[in-house]
Amino acid sequence: MQAAPGKGRQTGRRIVRFGLTLGAVTVSMWASAEAQTLDRVRSSSTVKLGYDATARPFSFKAEGESATGYAVSLCMEVAEELKRELGIADLAVEWIELTREAADHAIRQGSADLFCGASPVTLTRRKEVSFSIAIFPSGTGAVLNASAPLALREVLTQGRPSDRPIWRGSPARTVLNQKTFSPIAGTTSEDWLAERIKTFQLSATIAAVENYDQGIANILNGESDVLFGDLPLLLDAAARGGDLIVLKRHFTYEPLALVLARNDEDFRVVVDRALSRTYRSEDFPAFFSEWFGPPDDTIVTFFRQTTLPE
């Protein structure tokens, strides 16, 4: 039985209209979930800033304070930029303590607007969250006990390009075998170390630690031979006590950045503008020095190249 003339076309139009409506609803839901940070801040007069209390000197909890550190200070510059952008002079800042692992989920759910910590930018994480321009040129570093054998220090510091690493050779391989290497659990150093151990077929033990304080303690008491983690955090942890040596080498290069929701370019512009203006400021060397000491030429060049023009 054939349909009446025009009936098929009417049905087709209904399907098209339904598809367009469904698509619009889907887009609207996606936008409301991920791309409304400025609207949220405007309506509540509050910006919710997450921070990692264990990422000193980037973010940590000081005595009598909710949050402090280099990344925390940068996020306060973002809050000042939001006041200007939205015209909210009395904008409130709510600090939310988050673990590094929980930060991305909080950003995706909108329970935090920005995460202020030592967050490496990776392609895997970019599937879930977005990032500001870089706030620091970090990467995987290593710390050893000052009593560690000279041969071990030499093998770890005198590396070659990645296509001909010294770890593949002998006697370097002999030096590295039977050692205990500790990465910080949940960081990129953990995956990097596991890959290197497998690639170079070392008879070594990987003993991940939960945080930098535990890792430093294990180096000092001899439970671990080498601790791998974010180099600036290792430098800070080592400076706070113990007879330790931080190797002058980046095993990887991983710029750190602030974390925000994906598909939220309006908010990202505000964040990147605040950072760029801070980097260009005459006061930035003093701002930087408070947490890391006076910046050297390499650091100055990094921030000059990172800054975005107006």
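Hydrogens, waters and symmetry mates are skipped; everything else that's a heavy atom, side chains included, is used.
Here the shortest heavy-atom pairing between Glu101 and Gly186 reads OE2-CA, 4.1 Å. Taking both residues in full, the closest heavy atoms of Val271 and Val78 are given as CG2-CG1, 4.0 Å, listed atom of the first, atom of the second, then distance. Closest of all the heavy-atom pairs between Ala238 and Val143 is CB-CG2, 4.4 Å. Contact record, Pro57 with Pro232: CD-O, 4.1 Å, taken as the closest heavy-atom pair. Closest of all the heavy-atom pairs between Leu256 and Ser138 is CG-CB, 3.5 Å. Between Arg100 and Pro120, the shortest heavy-atom distance links the atoms NH2-CD, 2.8 Å.
Put simply, the side chain of Lys179 gets close to the backbone of Val175: a donor and an acceptor are under 3.5 Å apart. Side-chain atoms of Arg249 come within 3.5 Å of backbone atoms of Leu156 as a donor-acceptor pair (strictly under, hydrogens ignored). Under the 3.5 Å distance criterion, the side-chain polar atoms of Asn177 are matched with a main-chain donor or acceptor of Ser203. Listed for the Ser59 side chain is a donor-acceptor partner under 3.5 Å among the backbone atoms of Asp52. At distances below 3.5 Å, at least one donor-acceptor pair connects side-chain atoms of Thr99 with backbone N or O atoms of Ala102. Here the side chain of Asp243 pairs no donor or acceptor atom with the backbone of Ala146 at under 3.5 angstrom. Judged purely by atom type and a 3.5 angstrom limit, Ser281 uses its side chain to pair as donor or acceptor with the backbone of Asp283. With hydrogens and angles disregarded, a donor-acceptor distance shorter than 3.5 Å links the side chain of Gln214 to the backbone of Glu210. Distance alone, capped at 3.5 Å, places no donor-acceptor pair between the Ser276 side chain and the Thr307 backbone.
Salt bridge present: Arg84 and Glu81 bring a charged side-chain N and a carboxylate O closer than 4.0 Å. Using a cut-off of 4.0 Å between Lys/Arg side-chain N and Asp/Glu carboxylate O, Arg125 and Glu128 are scored as not salt-bridged.
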Decide yes or no on side chain to side chain donor-acceptor pair (under 3.5 Å) for Ser132 and Asp272, but give the supporting numbers first.
CA-CA 6 Å; Ser132 68; Asp272 287 349; 4.6 Å; no
Residue pair Lys198, Glu195: steps toward the salt bridge (charged side-chain N to carboxylate O under 4.0 Å, His left out) verdict:
CA-CA 5 Å; Lys198 179 180 179 181; Glu195 181 184 349; over 6 Å; no
Audit row: Leu275, Thr306, side chain to side chain contact (heavy atoms under 4.5 Å, CB included) steps and yes/no:
CA-CA 9 Å; Leu275 295 178; Thr306 301; over 6 Å; no
Could you check Leu152 against Leu176 for side chain to side chain contact (heavy atoms under 4.5 Å, CB included), going step by step and ending with a plain yes or no?
CA-CA 7 Å; Leu152 178 59; Leu176 295 169; 3.8 Å; yes
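Residues passing the side chain to side chain donor-acceptor pair (under 3.5 Å) test with Glu310 are Arg277, Arg280, sequence neighbours excluded. Among residues two or more places apart in sequence or in another chain, the side chain to side chain donor-acceptor pair (under 3.5 Å) test is passed with Arg56 by Asp236. For Glu85, the side chain to side chain donor-acceptor pair (under 3.5 Å) criterion is met by Arg273, not counting sequence neighbours. Applying the side chain to side chain donor-acceptor pair (under 3.5 Å) test to Ser119 and every residue at least two apart in sequence or in another chain returns nothing. Partners of Tyr212 according to the ring-ring contact (aromatic ring centres under 6.0 Å, His included) rule, which considers only residues two or more places apart in sequence or in another chain, do not exist here. Applying the side chain to side chain contact (heavy atoms under 4.5 Å, CB included) rule to Val121 yields the partners Arg126, Phe131, Ala257; only residues at least two apart in sequence or on another chain are considered.
Remark: aromatic rings of Phe58 and Phe136 are close, center separation under 6.0 Å. Ring centroid separation for the pair Phe115 and Tyr51 does not come in under the 6.0 Å cut-off.
Separation of atoms CD1 (Ile206) and CG (Leu193) is listed at 4.5 Å; rounding is to 0.5 Å. Once rounded to the nearest 0.5 Å, the distance linking CD1 of Ile219 with CG of Asp225 reads 7.0 Å. The structure places CG of Leu114 at 12.5 Å from NZ of Lys48, a figure rounded to the nearest 0.5 Å. Between atom CD of residue Glu223 and atom OG1 of residue Thr205 there is a gap of 12.5 Å, rounded to the nearest 0.5 Å. With values rounded to the nearest 0.5 angstrom, Ile107 atom CD1 is found 7.0 Å from Asp113 atom CG. Atom OG of residue Ser182 and atom CG of residue Leu227 lie 6.5 Å apart, to the nearest 0.5 angstrom.
Pairs engaging residues 274-310 under the disulfide bond (SG atoms under 2.5 Å apart) rule: none recorded [sequence neighbours left out]. Each disulfide bond (SG atoms under 2.5 Å apart) pair with one or both residues in residues 83-119, not counting sequence neighbours, appears once here: Cys75-Cys116. The stretch residues 181-273 participates, sequence neighbours left out, in no disulfide bond (SG atoms under 2.5 Å apart) pair at all. Screening residues 249-310 for disulfide bond (SG atoms under 2.5 Å apart) gives no qualifying pairs among residues at least two apart or on separate chains.
Annotation: side chain of Leu144 is in contact with side chain of Arg153 (closest heavy-atom distance under 4.5 Å). Between Ile133 and Tyr279, some side-chain heavy-atom pair lies under the 4.5 Å cut-off. No side-chain heavy atom of Val129 sits less than 4.5 Å from a side-chain heavy atom of Leu260. In this structure, Phe60 and Thr54 have side chains that are not in contact, with every pair of non-hydrogen atoms separated by 4.5 Å or more. Two residues are said to be in side-chain contact when any heavy atoms from C-beta on lie closer than 4.5 Å; Leu86 and Val41 meet this criterion. Contact of the Ile197 side chain with the Phe181 side chain is registered, since non-hydrogen atoms from C-beta on lie closer than 4.5 Å. Within the 4.5 Å cutoff, no side-chain heavy atoms of Phe302 are placed close to those of Arg304.
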Name each donor-acceptor pair under 3.5 Å that joins a side chain in residues 90-98 to protein atoms two or more places apart or in another chain, with its distance.
from: Glu97; atom 1: OE1; to: Lys61; atom 2: NZ; distance (Å): 2.8

For residues 287-299, tabulate all N or O donor-acceptor pairs below 3.5 Å that involve a side-chain atom, not counting sequence neighbours.
from: Ser289; atom 1: OG; to: Pro285; atom 2: O; distance (Å): 2.7
from: Asp296; atom 1: OD1; to: Thr298; atom 2: N; distance (Å): 3.1
from: Asp296; atom 1: OD1; to: Ile299; atom 2: N; distance (Å): 2.9

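Side-chain N/O atoms of Thr187 and Ser189 include a donor and acceptor closer than 3.5 Å. In summary, the side chains of Glu254 and Thr188 do present a donor paired with an acceptor at a separation below 3.5 Å, with no hydrogens or angles considered. Side-chain contact of Asp264 with Thr37: a donor-acceptor pair under 3.5 Å is present, judged by distance alone.
Placement of Tyr253 and Leu233 within a single hydrophobic cluster is found when ILVMFWY residues are connected by side-chain heavy-atom separations under 4.5 Å, directly or transitively. Cluster membership check: Phe303 shares its hydrophobic cluster with Leu308, using side-chain heavy-atom separations under 4.5 Å among Ile, Leu, Val, Met, Phe, Trp and Tyr.
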